[in-house]
Amino acid sequence: MLKIYNSLTRDKQEFVPIVPGEVRMYVCGMTVYDYCHLGHARVLVVFDIVQRWLRASGLKVCYVRNITDIDDKIIRRAAENGETIGELTARFIRCMDEDAAALGVARPDHEPRATDYVPQMLRLIRRLEENGLAYRAAAGDVNFSVRRFPGYGKLSGKSLDDLRAGERVDIDSAKEDPLDFVLWKSAREGEPSWASPWGDGRPGWHIECSAMSSELLGAHFDIHGGGQDLQFPHHENEIAQSEGAHGCRFVNYWMHNGFVRVDEEKMSKSLGNFFTIREILRRYDAEVLRFFILRAHYRSPLNYSDAHLDDARHALTRLYTALKALPVAAAAEVDWSEPHAARFAAAMNDDFNTPEACAVLFDLAAEVNRSQSAPLACQLRALAGLLGLLGREPQDFLQASPARDGETTAETIEALIAERAAAKKRRDFTEADRIRSGLLAAGVILEDSANGTSWRRA
RNA sequence: GGCGCGAUAGCAAAGCGGUUAUGCACCGGAUUGCAAAUCCGUGUAGGUGGGUUCGACUCCCGCUCGCGCCUCCA
């Protein structure tokens, strides 16, 4: 029985899909004006896991992750670069796809781009206007009136009065209430715009997600996810727009993943303390990064440092080492009657407790090492596969060198191992040890066994 | 100022009102020509002050500290 922590009610709830056997899920994706950073990696991986586990549980999943390809930053960045908005967004969408693929993130069922859904946004704004929730402001913008939507603040747990007390935004005289937000921005010189009943303009950020989600998943769907920072105001505003327009409940379960931190501080573009995914992947294996993310619970903060990634790499090495000596089919099936699988499922069903699920993998690895049982090794690989881990040949992982310069090549290593084997055969241990310590200095660890010598990168 | 989250061993990170979390690191042993890997074993916890309880890391209250949201943000 799957339980999900619902940000709306602030407790773990049994997951009951609207349509039995089916799940409709929407996650706020990227605004594509720059490379994805580690924070983006976390959303990608976290909701990839959600999606995978729902499918593994036998549910039919429709997963939508949008792309925001029109907004102030995109316009500004394109102008700075002297390229068109289309060129800029196409470039960074390609980069995002590469990063996601490297991290083993499966493609969502739909990846709608905001600019393809402007007609749906206009219809939504029209309905909000008809329902008395939207008004035309002086500057030609169309705004949403938060005061006229009962229950505004229910997701973020804020009341309009509390919010106003801490108001930090410059008062915009065109707004009836400082917390009102823009649905349609009137066109400015030199910016892209679309025709609308309210004049030429472009959509506000929040309306994009309401339009894309209802178009692809319907007015009422099961799960909506995103980073914690989107809870307010973005998701709060989505609720106001969608429920205000459709007159029905919007989302049943709200999921928010925790932040990635650097030195105990939120990683964000505005703070400038971010690491891009591709930057990290130059130095660390992508699977190590994925494992690093999954070793923490998705709602906890995740502190980034090289030391933590090194730790993750050593831990993952233990799992691959357990698989190394045994014949394991690539597409192993989980044996759900086996005890570790039951523990694994219980962990995942408890609000996607991947750290606990990983602990089960380590227990299973110890069992594999003790028993040298091929079926158990298959089980280990199959369970890890549900997390998108251990999908490679153990040698590929253990001997991988993530693009470090001056690495000793596999050929050289193999040749030295052969030399050392010869030295050992004539019981010249001084020479054998000399070769071994030479390789160790070059970051290569040798392991002798009954079947000969194998090697891995330190 | 308002609202919320958290504090677990050297580092990272879970569950749980009483019984080994897990990984890395560390220590002892087995194994090895010596190592590495692996196995066996030991140790190192629960911010602080109270309360509830036969019993609390786990529940409740206070305090301290940290983090986040209240502006674009995953």
Side-chain angles (χ1 to χ4, degrees), chain A residues 7 10 27-31 36-47 65 68 71-73 153 156-159 161-170 178-179 181 205 225-234 236 256-261 264-271 274 291-292 295-297 299-303 305 307-319 321-322 324-325 343 346-347 350 353-363 365-366 368-370 372 398 424 427-430 432-433 436-437 440 445-450 453-456 458:
Chain A
S7 307
R10 299 214 174 91
V27 171
C28 290
M30 263 48 88
T31 300
C36 291
H37 59 65
L38 230 36
H40 298 121
R42 194 173 191 190
V43 204
L44 290 169
V45 170
V46 161
F47 289 100
R65 191 184 66 218
T68 295
D71 100 318
D72 290 347
K73 285 179 188 148
S156 49
K158 298 169 192 302
S159 75
D161 297 318
D162 290 344
L163 284 164
R164 188 172 255 174
E167 188 61 59
R168 281 199 270 148
V169 194
D170 292 338
L179 290 161
F181 55 91
W205 175 41
Q228 231 162 38
D229 44 1
L230 297 186
Q231 193 164 344
F232 189 90
H234 184 55
E236 194 70 64
H256 292 98
N257 66 274
F259 296 128
V260 176
R261 296 188 195 168
E264 305 298 337
E265 207 177 22
K266 176 184 172 182
M267 177 182 292
S268 74
K269 293 198 178 167
S270 38
L271 288 170
F274 63 91
F291 178 68
F292 167 68
R295 268 216 304 178
H297 186 85
R299 285 190 280 114
S300 306
L302 179 63
N303 221 10
S305 76
H308 295 159
L309 279 190
D310 286 334
D311 188 68
R313 193 169 71 86
H314 291 141
L316 194 53
T317 297
R318 177 171 166 81
L319 294 181
T321 302
K324 190 173 73 165
R343 281 176 59 204
D350 182 17
N353 191 339
T354 53
E356 180 66 26
C358 288
V360 174
L361 297 183
F362 284 100
D363 287 344
V368 169
N369 286 332
R370 274 190 291 269
Q372 288 299 299
L398 296 168
K424 277 177 68 178
R427 301 197 66 78
D428 182 356
F429 294 119
T430 313
D433 291 352
R436 187 173 60 195
S437 50
L440 184 61
I445 295 170
L446 297 191
E447 292 172 2
D448 293 335
S449 77
T453 300
S454 62
W455 64 274
R456 65 189 166 92

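Lettering follows sequence order; numbering is per chain, from 1. What's counted below: heavy atoms across the whole structure, side chains too, no hydrogens, waters or symmetry copies.
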In whole angstrom, give the distance that lies between atom [atom1] of [X] and atom [atom2] of [N].
| X | N | atom1 | atom2 | result |
| --- | --- | --- | --- | --- |
| D71(A) | rC72(B) | CG | C1' | 8 Å |
| R261(A) | rG68(B) | CZ | P | 7 Å |
| D72(A) | rU71(B) | CG | P | 16 Å |
| L319(A) | rG23(B) | CG | P | 9 Å |
| D448(A) | rU32(B) | CG | P | 12 Å |
| R10(A) | rC69(B) | CZ | P | 15 Å |
| L230(A) | rG68(B) | CG | P | 16 Å |

Of the nucleotides [options], which has the atom closest to the [X] side chain?
| X | options | result |
| --- | --- | --- |
| A359(A) | rG33(B), rU22(B), rC70(B) | rU22(B) |
| E265(A) | rC11(B), rC34(B), rG68(B) | rG68(B) |
| R370(A) | rC39(B), rA37(B), rU71(B) | rC39(B) |
| P355(A) | rC70(B), rC34(B), rA14(B) | rA14(B) |
| F232(A) | rC69(B), rA12(B), rA37(B) | rC69(B) |

Which base, if any, makes a Watson-Crick or G-U wobble pair with [N], both distances under 3.5 Å?
| N | result |
| --- | --- |
| rC67(B) | rG4(B) |
| rG10(B) | rC24(B) |
| rA45(B) | none |

Looking for any heavy atom pair under 4.0 Å, which part of the strands does [X] touch: base, sugar-phosphate only, or nothing?
| X | answer |
| --- | --- |
| V360(A) | nothing |
| G29(A) | sugar-phosphate |
| I445(A) | sugar-phosphate |
| S268(A) | base |
| R436(A) | base |
| E356(A) | base |
| G227(A) | sugar-phosphate |
| A41(A) | nothing |
| Q228(A) | nothing |
| H297(A) | sugar-phosphate |

Report yes if the side chains of L302(A) and H308(A) come closer than 4.5 Å at any heavy-atom pair, otherwise no. no
Within a strict 4.5 Å, meaning less than it, do heavy atoms of the F47(A) and R65(A) side chains meet? no
If I pick the [atom1] atom on [M] and the same atom on [N], what distance separates them, to the nearest angstrom?
| N | M | atom1 | answer |
| --- | --- | --- | --- |
| rC27(B) | rG66(B) | C1' | 33 Å |
| rU19(B) | rC24(B) | C1' | 26 Å |
| rG6(B) | rU20(B) | C1' | 26 Å |
| rC3(B) | rA74(B) | P | 28 Å |
| rG46(B) | rC11(B) | C1' | 16 Å |
| rC5(B) | rC26(B) | C1' | 33 Å |
| rA45(B) | rC54(B) | P | 28 Å |
| rC65(B) | rG47(B) | C1' | 8 Å |

Rounded to the nearest 0.5 Å, what separates atom [atom1] in [X] from atom [atom2] in [Y]?
| X | Y | atom1 | atom2 | answer |
| --- | --- | --- | --- | --- |
| R42(A) | H37(A) | CZ | NE2 | 12.5 Å |
| R299(A) | S7(A) | CZ | OG | 8.0 Å |
| S268(A) | F259(A) | OG | CZ | 8.5 Å |

Below 3.5 Å, does any donor atom in the side chain of [X] face an acceptor in the base of [N], or the other way round?
| X | N | answer |
| --- | --- | --- |
| K269(A) | rC72(B) | no |
| K73(A) | rC72(B) | yes |
| D350(A) | rG15(B) | no |

Criterion side-chain contact (heavy atoms from CB on, under 4.5 Å) on F274(A) and L38(A), from CA distance to verdict: CA-CA 7 Å; F274(A) 63 91; L38(A) 230 36; over 6 Å; no
Starting at the 5' end of RNA chain B and moving along, which residue's nearest nucleotide shows up first, G258(A) or L271(A)? L271(A)
Reckon [X] has a side-chain N or O less than 4.0 Å from the OP1 or OP2 of [N]?
| X | N | answer |
| --- | --- | --- |
| S300(A) | rA14(B) | yes |
| R343(A) | rA21(B) | no |
| K266(A) | rC69(B) | yes |
| N369(A) | rC39(B) | yes |

Between protein and nucleic acid, restricted to nucleotides 24-27 of chain B and to nitrogen or oxygen atoms under 3.5 Å apart, what atom pairs and distances do you find?
unit_1	atom_1	unit_2	atom_2	d
rC24(B)	O4'	D311(A)	OD1	3.4
rC24(B)	O2'	D311(A)	OD1	3.4

Do we see a donor-acceptor contact under 3.5 Å between the side chains of S454(A) and K324(A)? yes
Kindly confirm whether the side-chain ring of F429(A) is stacked on the base of rG33(B), judged by centres under 5.5 Å and planes under 30°. yes
